[in-house]
Amino acid sequence: IVRIPLGVNPAMRRISPTPEFAARYQISRPFILTVGVLEPRKNQVILLDVLRELRKEGHDLELIIIGRPGWRWTNPLTMEKYRDIRRWVRILADIPDADLIEFYNRAELFMYPSFYEGFGLPILEAMACGAPVISSAASSMPEVAGAAALFADPRDAQAFASQALRPLRDSALRQVMVDAGVERARGFNWRSTAEATLALY
């Protein structure tokens with residue numbers, strides 16, 4: 001078995017946010033972002049609990065989930081337990097690549113609470129676009145994110161909220177995470193993936 005990392009699309013980079021984008025998607029407050037197919041393995045539902053905790057701490061945040069429904073997906077916004085925070089949660093699908101890049105750039109935090117990943121490419125995409133990353137401490141994700149992210153148990157919403165509060169309260173730490181993430185993402189490119197694959201053959 002030979003491990004060959006994936007690469008990041010070079011279009012995933014830091015850009016200047018546009019007023020037109022904010023108006024089109026009705027963005028009026030900072031938001032937590034997560035990206036990926038909607039299914040239990042991705043564990044997006046825990047982020048609704050995280051959002052509730054962060055709002056209790058005085059952070060006026062929204063949660064934006066971007067992805068298409070997948071295997072055994074149940075929309076958490078239909079659950080009575082999340083009635084109190086429905087107004088601050090949006091689930092979007094079929095977002096054009098250019099818009100996805102701006103979502104990454106605008107995110108206050110990118111959170112990835114997945115239970116299992118073969119790789120975890122959205123972590124690096126978010127980093128390349130300058131979003132601070134809070135990732136699951138499971139599976140391949142710590143190896144992909146390295147020291148550029150903060151980690152938490154994907155079964156523990158309070159642990160994710162505690163990690164999220166660190167960059168939310170400390171702008172210097174947030175900037176360190178942004179810079180480290182951009183640098184980390186630079187180490188993953190498709191040319192290296194192709195060359196390593198060719199060398200193996």
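Just so it is clear, the structure is predicted and the values come from calculations on it, not from any experiment. Note that these values count all heavy atoms, side chains included, but never hydrogens, waters or copies made by symmetry. Sequence positions, counted from 1, serve as the residue numbers for this chain.
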For this session: Could you give me the CA-CA distance, side-chain angles and deciding distance for L77 and V89, then say whether side-chain contact (heavy atoms from CB on, under 4.5 Å) is met?
Result: CA-CA 8 Å; L77 298 181; V89 180; 3.7 Å; yes

Exercise. Run the side-chain contact (heavy atoms from CB on, under 4.5 Å) check on Y104 and R14 step by step: do they pass?
Worked result: CA-CA 9 Å; Y104 278 133; R14 302 192 74 177; over 6 Å; no

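Within 6.0 Å of the CD atom in E20, the count of heavy atoms belonging to other residues, nucleotides or ligands exceeds 12. By the neighbour-count criterion of 12 heavy atoms within 6.0 Å, atom CZ of R24 is densely surrounded, having more than that number from other residues, nucleotides or ligands. Open room surrounds CZ on R13; 12 or fewer heavy atoms of other groups in view lie less than 6.0 Å from it. Residue-environment remark: CZ (R29) exceeds the threshold of 12 foreign heavy atoms within 6.0 Å. Heavy atoms of other residues, nucleotides or ligands lying less than 6.0 angstrom from CZ of R86 number more than 12.
With sequence neighbours left out, the side-chain contact (heavy atoms from CB on, under 4.5 Å) criterion links A131 to A107, F110, A126. Qualifying side-chain contact (heavy atoms from CB on, under 4.5 Å) partners for V37, counting only residues two or more places apart in sequence or in other chains: E39, R41, K42.
Annotation: the span from M111 atom CE to N43 atom CG amounts to 11.0 Å, rounded to 0.5 Å. Atom CD1 in I101 sits 6.5 Å away from atom CG in D97 (nearest 0.5 Å). Atom CG of N189 and atom CD of E195 lie 8.0 Å apart (nearest 0.5 Å).
In this structure, T193 contributes its side chain and P5 its backbone to a donor-acceptor pair below 3.5 Å. S139 places no side-chain N or O within donor-acceptor distance of the main-chain N or O of M141, the cut-off being under 3.5 Å. No donor-acceptor pair closer than 3.5 Å links the side chain of D60 to the backbone N or O of R55. In this structure, the side chain of R174 engages the main chain of E108 through a donor-acceptor pair within 3.5 Å.
Listed by first and then second residue, the ring-ring contact (aromatic ring centres under 6.0 Å, His included) pairs involving residues 173-201 amount to none (not counting sequence neighbours).
Between the side chains of E117 and Y112, a donor-acceptor pair is found at a separation under 3.5 Å.
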